[in-house]
Amino acid sequence: MNILTVDNITKAYGVRKIFDNASFYLQEGEKAGIIGINGTGKTTLLKIIAGIESPDSGSVIMANNLTVRYLPQTPVFNDSDTVLQAVTRDNKTEENQWTIESDAKSMMTKLGIEDFDELCGHLSGGQKKRLALVSVLLAKPDMLLLDEPTNHLDNEMSTWLEEQLKGYRGSIIMITHDRYFLDSVATRIIEVDKGSIYSYEENYSGYLNLKTLREDILDAQERKRQSILRVELEWVKRGARARSTKQKARLERYEELKNTSAPVKDESVELGSMASRLGRTTIELQGISKSFDGRTIIKDFSYNFLKNDRIGIIGPNGAGKSTLLKMIMGEYTPDAGNIEIGSTVKIGYFAQEVKLGKDMDPNQRVIDYIRDVAEYVETEDGKITATRLLERFLFKGEDQYGLIGKLSGGERRRLYLCKVLMSAPNVLILDEPTNDLDITTLTVLEDYLDHFNGIVITVSHDRYFLDRVVRRIFAINADGTLRQSEGGYTDYEIRVAFEKGELADGSGAKSSGGSSKTQDNSVNQASNSSNTWKQKPRERKLKFSYNEQREYETIEDDIAKLEEKLASVESDITKFARDFTKLNELTKEKEKLEAELLEKMERWEYLEKLAVAIEAQKSI
């Protein structure tokens with residue numbers, strides 16, 4: 001049963017159009033993940049569905065009596081409420097009044113909130129986000145709208161939430177950049193791209209295959225458009241037959257084809273390494289320890305970082321991951337032990353939080369924020385300017401001269417990452433780099449790190465990112481000791497499960513593949529036939545055969561009918577843009593009609609040439 005329809009919505013902020021007649025629908029029980037580049041309108045779409053914002057045009061239609069709860073990116077609570085009061089007050093009903101508190105305490109414990117009398121005003125931003133997550137889950141609505149639910153969750157919490165949402169009986173629409181989470185939970189992917197919405201009835205892996213298919217279809221359509229345009233251009237050059245009544249429509253068709261834009265593709269964002277030279281001595285940790293309020297965070301840890309090390313640091317929230325990074329940065333001094341930093345080490349630090357007003361001037365232009373670091377930087381491929389680097393991080397021409405205060409939170413994170421890389425560090429320290437970064441930017445970063453000539457040290461809860469980037473895991477234990485494990489996060493997880501006796505032996509492999517075959521039919525009859533009659537003896541008069549004469553008299557009507565059918569199918573494609581299955585059927589029909597139209601036009605071209613030659617020999 002269809003419980004939600006977003007119908008042809010348009011939304012703009014000033015001259016910036018976020019959605020342009022965009023549509024999709026959701027069936028009962030579906031779990032949809034919204035993805036797209038930061039700033040394209042993912043949070044705006046969620047707010048429109050929640051009724052917090054309204055589209056400029058179009059409508060959102062929900063099933064009757066549908067209950068909805070919304071988890072915002074930055075939740076707000078009454079500072080004087082205890083955490084238990086905050087999550088139970090609005091969720092208590094006659095049915096759950098005896099169990100609501102125990103359910104709330106169980107969920108909060110799972111998400112690392114154990115002092116139930118703690119005042120909300122004392123909570124960090126991450127704790128408030130987890131508390132808000134408990135609140136919406138306790139409500140058990142028909143539809144959950146979740147904006148970045150996995151942010152501020154460690155791996156154990158993410159796994160717990162994953163299981164909660166997989167077993168959830170209602171429908172879910174969530175914004176998340178956690179690709180493993182999307183693969184596990186989502187049954188539909190909603191992609192927001194350049195003002196449009198594309199809906200795929202798949203998880204993330206299936207979406208990648210279908211998106212490739214969609215782009216292949218668009219490429220094929222563009223090749224067909226160019227072929228038809230070539231024939232139409234030839235027709236325009238030759239001029240219309242005076243007796244024809246279809247010339248106006250034909251000319252309009254030509255103008256429409258000529259003015260149709262080619263499909264816009266995501267630009268290549270490959271980056272060469274911008275690291276400066278790293279000497280023999282890098283970073284050496286010798287027996288370091290750190291405690292806070294009598295609790296040992298890091299205990300007697302030693303490690304010498306090697307050139308091109310890729311280290312991932314994991315552990316529960318509060319375990320001391322960021323503390324370890326800050327000791328390397330020099331922001332904290334170890335209670336015991338020593339940290340030696342080589343003279344050639346140049347650290348680029350990507351902090352977990354970037355605050356507007358403190359770390360970024362909201363009234364500064366985007367381009368000036370990067371130019372404050374450098375006008376250009378040397379890479380292995382040559383010099384790259386601040387402007388070009390911003391383009392590769394998806395800030396186009398006019399965006400570079402906009403104010404930082406106008407950017408979304410994710411766009412500011414992307415800009416901040418751009419600034420860190422512009423400083424050409426040879427040691428990159430990344431504290432939760434995947435928070436608020438879209439998948440496209442994460443892919444740019446991951447590809448960049450593949451070629452980075454330096455050391456990467458990252459704290460992350462993103463399992464996909466860890467598997468993709470790191471080659472060694474440091475897991476912080478409850479007593480402050482660190483366990484070293486070779487490989488990515490999945491390798492570490494398998495070893496732990498094996499040691500616990502949860503896994504006897506196992507291996508897994510994912511493969512996905514698909515093929516698309518594009519068949520282009522070319523009709524060479526016109527050129528072959530024209531060459532034939534040019535070579536015939538002059539005394540033999542050219543003339544239409546009986547069938548050719550009849551075909552010549554009706555062919556423009558046939559072309560007009562094909563064009564009408566094609567226009568109807570194109571209209572249906574717009575109507576069913578949110579239904580990929582129907583869209584695929586219509587696209588195949590459109591390709592068939594375009595092939596027929598191209599063949600008919602090339603046949604007309606041959607007949608027109610023959611008609612011209614017949615007229616020309618009358619004057620001889």
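Basis for what follows: all heavy atoms, side chains included, without hydrogens, waters or symmetry-related copies.
The side-chain contact (heavy atoms from CB on, under 4.5 Å) search around D479 returns N477, T481, not counting sequence neighbours. Remark: D438 pairs with R414 by the salt bridge (charged side-chain N to carboxylate O under 4.0 Å, His left out) rule, at least two apart or across chains.
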Chi angles and distances behind the salt bridge (charged side-chain N to carboxylate O under 4.0 Å, His left out) call for R483, E499: CA-CA 13 Å; R483 168 181 175 160; E499 289 171 4; 2.8 Å; yes

Please determine whether side-chain contact (heavy atoms from CB on, under 4.5 Å) holds for the pair E191 and Y200, giving the CA-CA distance in whole Å, both sets of side-chain angles, and the decisive distance to 0.1 Å. CA-CA 8 Å; E191 181 186 19; Y200 304 84; 3.5 Å; yes

_Let's go through R468 and D450 carefully: what are the C-alpha distance in whole Å and the side-chain angles of both, what is the deciding distance for salt bridge (charged side-chain N to carboxylate O under 4.0 Å, His left out) to 0.1 Å, and is it a yes or a no?_
CA-CA 9 Å; R468 176 71 173 76; D450 284 343; 2.8 Å; yes

When you look at D372 and Q364, which way does the side-chain hydrogen bond (donor to acceptor under 3.5 Å, both in side chains) test go after all the steps? CA-CA 11 Å; D372 282 349; Q364 188 177 28; 2.7 Å; yes

Exercise for the section: Would you please test T82 and E118 for side-chain hydrogen bond (donor to acceptor under 3.5 Å, both in side chains) and show each step? Expected result: CA-CA 5 Å; T82 67; E118 180 81 19; over 6 Å; no

Practice item. Might you work through the side-chain hydrogen bond (donor to acceptor under 3.5 Å, both in side chains) test for R69 and S135, ending with a clear yes or no? Key: CA-CA 9 Å; R69 286 293 295 268; S135 182; 3.2 Å; yes

Next on the checklist: Between I189 and E202, does the side-chain contact (heavy atoms from CB on, under 4.5 Å) criterion hold? Intermediate values first, please.
Outcome noted: CA-CA 6 Å; I189 297 294; E202 284 283 358; 5.5 Å; no

Could you go through the side-chain hydrogen bond (donor to acceptor under 3.5 Å, both in side chains) check for Y303 and R472 one step at a time?
CA-CA 12 Å; Y303 184 77; R472 183 169 295 141; 2.5 Å; yes

side-chain contact (heavy atoms from CB on, under 4.5 Å) between Y349 and L430, intermediate numbers included: CA-CA 6 Å; Y349 179 47; L430 310 172; over 6 Å; no

Practice prompt. Tell me, with the steps shown, if V87 and L133 meet side-chain contact (heavy atoms from CB on, under 4.5 Å).
Written response: CA-CA 9 Å; V87 298; L133 184 56; over 6 Å; no

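Side-chain contact, D467 with T490: a donor N or O sits under 3.5 Å from an acceptor N or O. For the residue pair S408 and N38, no side-chain donor N or O sits within less than 3.5 Å of a side-chain acceptor on the partner. Donor-acceptor pairing under 3.5 Å is lacking for the side chains of N308 and R471. If you check the side chains of D300 and S289, you find no donor sitting under 3.5 Å from an acceptor. Inspection of the T99 and N96 side chains reveals no N or O donor paired with an N or O acceptor under 3.5 Å. E375 and T385 share no side-chain donor-acceptor pair at under 3.5 Å. With 3.5 Å as the limit, one finds no donor-acceptor pair spanning the side chains of Q85 and N78. Under 3.5 Å, the side chains of R179 and S205 contain no donor-acceptor pair of N or O atoms. Checked by atom type, the side-chain pair S460/D462 shows no donor-acceptor distance below 3.5 Å. Defined by atom type and a distance below 3.5 Å, a donor-acceptor pair is present between the side-chain atoms of E148 and H177. The closest side-chain donor-acceptor pair between S184 and E162 falls under 3.5 angstrom.
When all heavy atoms are compared, the tightest approach of K105 to T109 is O-OG1, 2.7 Å. For the residue pair I288 and N338, the shortest heavy atom distance occurs at CG2-O, 3.6 Å. The two residues K42 and G36 have their closest heavy-atom pair at NZ-O, 2.9 Å. For L421 against P425, the heavy-atom pair with the smallest separation is O-CD, 3.9 Å. Across all non-hydrogen atoms, the minimal contact from A104 to T88 is CB-CG2, 3.9 Å. Shown here for Q352 and S322, the closest heavy-atom pair between the two residues is NE2-OG, 3.5 Å.
Between the side chain of K129 and the main chain of T150, no donor-acceptor pair closer than 3.5 Å is present. T443 contributes a side-chain N or O that, together with a main-chain N or O of I439, makes up a donor-acceptor pair within less than 3.5 Å. With hydrogens and angles disregarded, a donor-acceptor distance shorter than 3.5 Å links the side chain of S302 to the backbone of G287. Counting only distance, with no hydrogens or angles, the side chain of T296 and the backbone of I298 share no donor-acceptor pair below 3.5 Å. Side chain of K92 to backbone of W98: no donor-acceptor contact under 3.5 angstrom is found. The backbone N or O of L153 sits less than 3.5 Å from a side-chain atom of H461, completing a donor-acceptor pair. Not one N or O on the side chain of Y416 forms a donor-acceptor pair closer than 3.5 Å with the backbone of D359. The closest donor-acceptor contact from the side chain of D491 to the backbone of G488 lies under 3.5 Å. In this structure, the side chain of R412 does not engage the main chain of K406 through any donor-acceptor pair within 3.5 Å. A donor-acceptor pair is defined here as one N or O able to donate and one able to accept, closer than 3.5 Å; such a pair exists between the side chain of N426 and the backbone of T344.
D154 contributes atom CG, which lies 9.5 Å from atom CD of E432 (distance to the nearest 0.5 angstrom). Residue C120 holds its SG atom at 5.5 Å from CG of D81, rounded to the nearest 0.5 Å. Rounded to the nearest 0.5 Å, atoms CD (E30) and CZ (R188) are 4.0 Å apart. Distance check: D399 CG to L394 CG gives 10.0 Å after rounding to the nearest 0.5 Å. Remark: M422 CE to F393 CZ distance equals 11.5 Å, nearest 0.5 Å. Atom NE2 in H152 sits 9.5 Å away from atom CG in N317 (nearest 0.5 Å).
Under the 6.0 Å distance and 45° angle rule, K419 counts as a cation-pi partner of Y369.
The pair D103-K140 does not count as a salt bridge, with every side-chain nitrogen at least 4.0 angstrom from each carboxylate oxygen. A salt bridge is absent between D431 and K326: the closest approach of a Lys/Arg side-chain nitrogen to an acidic carboxylate oxygen does not fall below 4.0 angstrom. Between R310 and E446, no side-chain nitrogen of the basic residue sits less than 4.0 Å from a carboxylate oxygen of the acidic one, so the salt-bridge criterion is not met. We find that E156 and R463 are not joined by a salt bridge, their nearest charged nitrogen and carboxylate oxygen being 4.0 Å or further apart.
The number of heavy atoms from other shown groups lying within 6.0 Å of CZ (F116) is above 12. Surrounding NZ of K31 are more than 12 heavy atoms belonging to other residues, nucleotides or ligands, all under 6.0 Å away.
The ring of F181 has its center no closer than 6.0 angstrom to the ring center of Y464. Taking the six-membered ring for Trp and the full ring otherwise, Y332 and F292 have centroids separated by under 6.0 Å.
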